[in-house]
Amino acid sequence: MSSLPLVFDAPSRGMPPRHLADLSVPERAEAVVELGEKPFRAKQLSHHYFSRLTVDPADMTDIPAGSREKLAGALLPPLLTEVRALSCDSGATRKTLWRAHDGTMLESVLMRYPDRATLCLSSQAGCGMACPFCATGQAGLDRNMSTAEIVDQVRSAAAVMRDGALPGPEGTPRPGRLSNIVFMGMGEPLANYRRVVDAVRRITEPAPQGLGISQRSVTVSTVGLAPAIRRLAGERMQVRLALSLHAPDDELRNELVPVNNRWPLAEVLDAARYYLECTGRRVSIEYALIRDMNDQPWRADLLAATLREHLGHLVHVNVIPLNPTPGSKWDASPKPAQREFVRRVNEGGVTCTVRDTRGQEIAAACGQLAGEQSG
Ligand code: SAH
């Protein structure tokens, strides 16, 4: 191994150096031994990172000073630097723009509610799926996030909640707990499959192996990469699957979600059914409502019928009023059209609600802040 810190060996626009959160528990012990330290130091290091949520060697007083610097230097390289943080909703929503070691920009959004706190995180910088209404989709794929870059977004948010740095909706800052994770920031999680699945394990393993968040409180959202959905079903995890459908017919979905040309509706919904059968978990359907595009009453009826046919009752539709991206020709549906759409889907036997839209004024729609920064 080179004696230079790995960070200097990394290509200028590539994956970050190896990090503790990339490693399984046995791999952590091996890495520590490679550095000439006793294996139990791996557990101490994990305790600091996953339980105490710290990366500052000065806090690690149970490790001798010399070893501390060496271990932290090799296994806790800085991954994400905060560039900007924007708050809204009286402080209960906070969006953070991060710079990775190679200058790559990514973002995550932390939302506090009376009964929970949800982090919306990024699995890729940019996205290759090219959905035309999505800011990230327009910019293209920059690179995959590493497992540790995904996990570190969660660690930071968990620390913010623990320290009471994010006020609740009632405005009073008080300590809380990060309870939910949604892979609905930048990127297509199932296009970065291995790293995302490893990250989910690290996020959900009990501390100090992982961050101790319940698998049932983690949602993986996908454009519908059918083979990857089936593979995820085989991981024996209890994570919720959200499928970004946005249209109940192939003709329109081919346009709104271009990957539909590769895996059309029937195939995607069969894969979702398989996921449901393997996990027993209700599937969420995401439907961004776009004026005069996908909000017609007949499409609401078709959506309900199609979902009933493929998924029975174990499905829920989240309608998201389109958050228009700058320069887009599309707009959100008017309120009456939205109400009628929701009513018809429910009447068709599929539960349907409108997702609350946090963070509109801080450009929190997928990829908008990173887009502003680079544009
Ligand atoms: N690539 C994944 C996850 C990231 S996007 C996926 O597509 O599911 C998370 C959700 O936000 C998706 O349902 C996506 O279609 C939706 N979305 C993206 N841009 C949006 C916008 N401008 N308005 C409303 N929803 C949007």
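Heavy atoms only: backbone and side chains are in, while hydrogens, waters and symmetry mates are out. Treat the numbers as computed from the prediction; the structure is a model and nothing was measured. All ligand and atom numbering here is 1-based and tracks the order in the structure.
Close approach to Cys134 involves these atoms of ligand 1, each under 4.0 Å from a residue heavy atom: 18 (C), 19 (N). Residue-ligand proximity, Phe183 to ligand 1, at heavy-atom distances under 4.0 Å covers atoms 3 (C). Atoms of ligand 1 found under 4.0 Å from any heavy atom of Val223, numbered from 1 in the order shown, are 6 (C), 7 (O), 8 (O).
Ion pair Arg273/Asp270 not flagged as a salt bridge, since none of the NZ, NE, NH1 or NH2 atoms sits closer than 4.0 Å to an Asp/Glu carboxylate oxygen.
Considering backbone and side-chain atoms together, Glu286 places no N or O closer than 3.5 Å to any N or O of ligand 1. Among the atoms of Phe133, some N or O lies under 3.5 angstrom from an N or O of ligand 1.
Counting only non-hydrogen atoms, the option in Ala288, Gly185, Ser328 that gets closest to atom 4 (C) of ligand 1 is Gly185. Here atom 1 (N) of ligand 1 lies nearest to Gly187 when heavy atoms of Ser221, Gly187, Cys127 are compared.
By the 4.0 Å heavy-atom criterion, Glu188 is counted among the residues contacting ligand 1. Proximity of His246 to ligand 1 is established by a heavy-atom distance of less than 4.0 Å.
For His19 and Ser146, the side-chain atoms include no donor-acceptor pair closer than 3.5 Å.
The backbone N or O of Leu256 sits nowhere less than 3.5 Å from a side-chain atom of His246 that would complete a donor-acceptor pair.
Contacts between Thr222 and ligand 1 below 4.0 angstrom, taking non-hydrogen atoms only, involve the backbone exclusively.
Side-chain contact check for Leu119 versus Asn180: every heavy-atom pair is 4.5 Å or farther apart. Residues Pro321 and Gln338 form a side-chain contact, since some pair of their non-hydrogen atoms from C-beta on lies under 4.5 Å apart. Between Met105 and Val83, some side-chain heavy-atom pair lies under the 4.5 Å cut-off.
Checked options Arg99, Arg143, Arg195; the residue passing with Glu149 is Arg143 (criterion: salt bridge (charged side-chain N to carboxylate O under 4.0 Å, His left out)).
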